[in-house]
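In what follows, a single structure is set out as structure tokens and then discussed.
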Amino acid sequence: MAQRKLRLGAFIMATGHHIAAWRHPGSQIDSGVNIDHYIEVARTAERGLFDQVFVADSPGIRFAGEDDSFSRQGRVSHFEPVTLWAALSAVTQHIGFVATASTTYEDPYLLARKFASLDHISKGRAAWNVVTTSAENVYGNFGLDAHPEPALRYERAHEFVDVVKGLWDSFEDDAFIRDPVSGIYFDPDKLHTLNHVGKFFKVKGPLNIERPPQGHPVIVQAGSSEAGKELAAATAEAIFTAWTSLAEAQAFYSDVKARLAKYGRRPEELLVLPGISPVIGRTEEEAQAKWAELQRLIHPSVGLSTLAPFWPGENLQTWKLDAPPPYYPKPPKGINSRAHVVIELARREKFTVRQLYEYLAGARGHWVVVGTPQTIADQMQEWFENGAADGFNIMPPVLPESLNEFVDLVVPELQRRGLFRTAYEGRTLRENLGLDRPPSRYAKAAPASVQEAPSGPVQSARNLTSEVVL
């Protein structure tokens, strides 16, 4: 049996995850719209044999605070991820691409087509990070009067993912014959309509692109609330999460893995990938000095803005920076999982307001580790070998500088310990993550006249209008 290996993703946040990274000399100041920057970062991650690169995304500017803080934010302008990844797939060979797309504000047919296209363009390296969108300042971009409640968003998400998977199966794997001698291009009996009618969607299909190389692009989910864990157990193959202690991470790991059985799934079918933001120095003193340099770049108004989502409606500018928060609120609706982490961290560590925003400024509540390559590898190994993680989402504080340091200093240490690959195992993202390729729901179907698909009756392509087929 092959030795279990760490899975690594590079979580790319424009100039870096530290909130003041854009002011640091090791960053690319215009990275949000600089394609050359992203090419460099993707190639660095591939050089480090990472499984995937990932960008978070929202269908709107996400900010809570006043104008002075807003004017100092370095993350208000950035590429749409599927477009970006399609471009980067042409200049890489092995690295996978995880793009965020919202089940609340996107359309399932268009999303299925977009991700199938990305999987073909990248030759099997696409992944969809399924989010329901927690930001309440987005709905106005889509003609809505209010942001849907969390329970409704997650109910919609389950149906949305099912529809998308069904559309990806529109063509069977061997539908395309492309025989110039006979003149037959594809077998119309291997093209199926979905005919989905549900609570939220009515989608006929079929999709107008053949089945993706991976069968389905890898499904990723990012959330640690009860609803998020249930969505991951039902649909996801990797889950991004945020914890700051081994005990919390272990509890989450065992919880989400235990939920898989009721969906007929095995524990290894869902990879748990906590975020870690490493500040790396060749000595402990150098690492601490790097962290202190970053913290000095935080403007107080920007620091306080990081607390606004957790203390909604509060005038934070009146708070004393070197005293504890005046009170600890109940987690606000919509971001319960992250709010739980942040509020419990503040209580546990007895942080002052300044200490709390300095911690959040590093990685928004994810695990920040400051130390040597050996120290960082020690921490990762402990979580990996003690039921807390299958791998990690690496969150470089400054880009491109911090990712280069991780690849050059930490990756060799992980390899020396036998924890990480020394070469890619395959060409697709699924192969490299050790995930099975899902069979088409129609692969062993009965004739179209009698078979019924999970989401509605199957229909032979002969019965479709020319508009649908062409």
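Quick caveat: nothing in here was measured; it's all calculated off a predicted structure. By convention here, the first residue in the shown sequence is residue 1.
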Apply salt bridge (charged side-chain N to carboxylate O under 4.0 Å, His left out) to residues Glu425 and Arg430 and explain how you reach the verdict. CA-CA 10 Å; Glu425 295 84 1; Arg430 284 186 175 279; over 6 Å; no
Close side-chain approach of Arg125 to Ser89, heavy-atom, < 4.5 Å: yes
Hey, is CZ on Arg417 packed in by over 12 heavy atoms from elsewhere, all under 6.0 Å? yes
Could you tell me if the side chain of Lys199 sits less than 4.5 Å from the side chain of Glu155, heavy atoms only? yes
Please name all residues satisfying side-chain contact (heavy atoms from CB on, under 4.5 Å) with Asp107, sequence neighbours left out, ordered by chain then number. Tyr109, Leu110
Is the side chain of Glu46 donor-acceptor paired with the backbone N or O of Ile95 at a distance under 3.5 Å, no angle test? yes
Residue pair Asp179 / Tyr185, side-chain donor-acceptor N/O under 3.5 Å: no
If you measure only the distance, is there a donor-acceptor pair under 3.5 Å linking the side chains of Ser102 and Thr133? yes
Start with the C-alpha gap between Val131 and Tyr105, add the side-chain angles, then the distance that decides, and say whether side-chain contact (heavy atoms from CB on, under 4.5 Å) holds. CA-CA 10 Å; Val131 298; Tyr105 293 108; over 6 Å; no
side-chain contact (heavy atoms from CB on, under 4.5 Å) assessment of Lys5 paired with Leu419: CA-CA 5 Å; Lys5 300 287 186 183; Leu419 296 171; over 6 Å; no
Parallel, tilted or perpendicular, judged at 30° and 60°: which one describes the rings of Trp128 and Phe115? tilted
Restricting to non-hydrogen atoms, name the atom on Pro267 and the atom on Leu260 that form the minimum distance, rounded to 0.1 Å. CA-CD1, 3.5 Å
Determine whether Lys190 and Tyr442 make a side-chain contact, defined as any pair of heavy atoms from C-beta on separated by less than 4.5 Å. no
Could you give me the CA-CA distance, side-chain angles and deciding distance for Thr241 and Trp243, then say whether side-chain hydrogen bond (donor to acceptor under 3.5 Å, both in side chains) is met? CA-CA 7 Å; Thr241 186; Trp243 301 105; 2.9 Å; yes
Does any non-hydrogen side-chain atom of Val82 lie less than 4.5 Å from one of Trp85? no
Heavy-atom closest contact (Leu403 atom, Ala10 atom, distance): CD1-CB, 4.4 Å
Run the salt bridge (charged side-chain N to carboxylate O under 4.0 Å, His left out) test on Arg211 and Asp169 for me, step by step, so that the C-alpha distance in whole Å, both residues' side-chain angles and the decisive distance to 0.1 Å come before the verdict. CA-CA 6 Å; Arg211 198 162 190 255; Asp169 286 344; 2.7 Å; yes
Should Phe252 and Ile239 be marked as a side-chain contact (heavy atoms from CB on, under 4.5 Å) after you check the CA-CA gap, both sets of side-chain angles, and the distance that decides it? CA-CA 11 Å; Phe252 175 82; Ile239 183 168; 3.6 Å; yes
With distance as the sole criterion, is a donor-acceptor pair present between the side chains of Thr375 and Glu284 under 3.5 Å? yes
How far apart are the closest heavy atoms of Ala127 and Leu429, and which atoms are they? CB-CD2, 3.7 Å
List the steps, then state whether salt bridge (charged side-chain N to carboxylate O under 4.0 Å, His left out) holds for Lys165 with Glu159. CA-CA 10 Å; Lys165 287 181 175 180; Glu159 184 179 341; over 6 Å; no
Would Arg4 pass as a cation-pi partner of Phe384, given that its NZ or CZ must be under 6.0 Å from the six-membered ring centre and within 45 degrees of the axis? yes
If every non-hydrogen atom of Ala112 is compared with every non-hydrogen atom of Val164, which pair is closest and at what distance? CB-CG1, 3.9 Å
Residue pair Leu8 / Gln52, side-chain heavy-atom distance below 4.5 Å: no
With a 6.0 Å cut-off (strictly less than), is the heavy-atom count around CZ of Arg259, excluding the residue itself, greater than 12? yes
Applying salt bridge (charged side-chain N to carboxylate O under 4.0 Å, His left out), run through Lys257 and Glu268 and close with a yes or a no. CA-CA 8 Å; Lys257 295 274 189 175; Glu268 61 269 23; over 6 Å; no
What do the steps show when you test Glu269 against Tyr263 for side-chain hydrogen bond (donor to acceptor under 3.5 Å, both in side chains), and what is the final call? CA-CA 11 Å; Glu269 292 181 60; Tyr263 297 103; over 6 Å; no
Is a side-chain donor-acceptor pair under 3.5 Å present for His216 with Asp119? no
For Val55, does its backbone N or O pair with a side-chain atom of Thr100 as donor and acceptor, under 3.5 Å? yes
Look at the rings of Phe50 and Phe406 and say which category their plane angle falls in: under 30° parallel, 30 to 60° tilted, over 60° perpendicular. perpendicular
So, Arg348 and Thr244: side-chain donor and acceptor under 3.5 Å apart, yes or no? yes
To the nearest 0.5 Å, what is the distance between NZ on Lys202 and CG on Asn195? 10.0 Å
Checking Gln379 now: which residues fulfil side-chain contact (heavy atoms from CB on, under 4.5 Å) with it, not counting sequence neighbours? Trp367, Val369, Glu382
How far does CD1 of Ile280 sit from CG of Asn404, to the nearest 0.5 angstrom? 10.0 Å
Do Tyr139 and Thr104 have side-chain heavy atoms sitting under 4.5 Å apart? no
To check you understand the geometry: which heavy-atom pair defines the closest contact between Val342 and Leu360, and what is its length? CG2-CD2, 3.6 Å
Going from CG on Asp436 to CZ on Arg266, what distance comes out if it is rounded to the nearest 0.5 angstrom? 5.5 Å
Under 6.0 Å between the ring centres of Phe201 and Phe160? yes
Can we say Arg421 and Glu431 salt-bridge, meaning some charged N sits less than 4.0 Å from an Asp/Glu carboxylate O? no
Evaluate the criterion side-chain contact (heavy atoms from CB on, under 4.5 Å) for residue pair Arg7 and Leu273; output intermediate values, then yes/no. CA-CA 8 Å; Arg7 308 302 179 186; Leu273 306 174; 4.1 Å; yes
Show the nearest heavy-atom pair for residues Ala99 and Pro81, with the distance to one decimal. CB-CB, 3.9 Å
Can you tell me how the ring of Phe186 sits relative to the ring of Phe171, calling it parallel under 30°, perpendicular over 60° and tilted otherwise? perpendicular
May I ask you to check whether Trp168 and Ser170 show a side-chain donor-acceptor distance below 3.5 Å? no
Between the OG1 atom in Thr132 and the CD atom in Glu149, the distance rounded to the nearest 0.5 Å is 11.5 Å
So, do Arg441 and Leu194 sit near enough that their side-chain heavy atoms are less than 4.5 Å apart? yes
Is the Trp383 ring parallel, tilted or perpendicular to the Phe392 ring (thresholds 30°, 60°)? tilted
CD-CZ distance between Glu344 and Arg347, expressed to the nearest 0.5 angstrom: 5.0 Å
Nearest-0.5 Å distance, CZ of residue Arg153 to CZ of residue Phe200: 12.0 Å
Please examine the side chains of Pro148 and Arg156, heavy atoms only from C-beta on, and report whether any two atoms are closer than 4.5 Å. no
Polar contact flag, side-chain donor to acceptor under 3.5 angstrom, His192-Glu172: yes
Looking at Lys229 and Asp255, is any side-chain nitrogen of the basic one under 4.0 Å from a carboxylate oxygen of the acidic one? yes
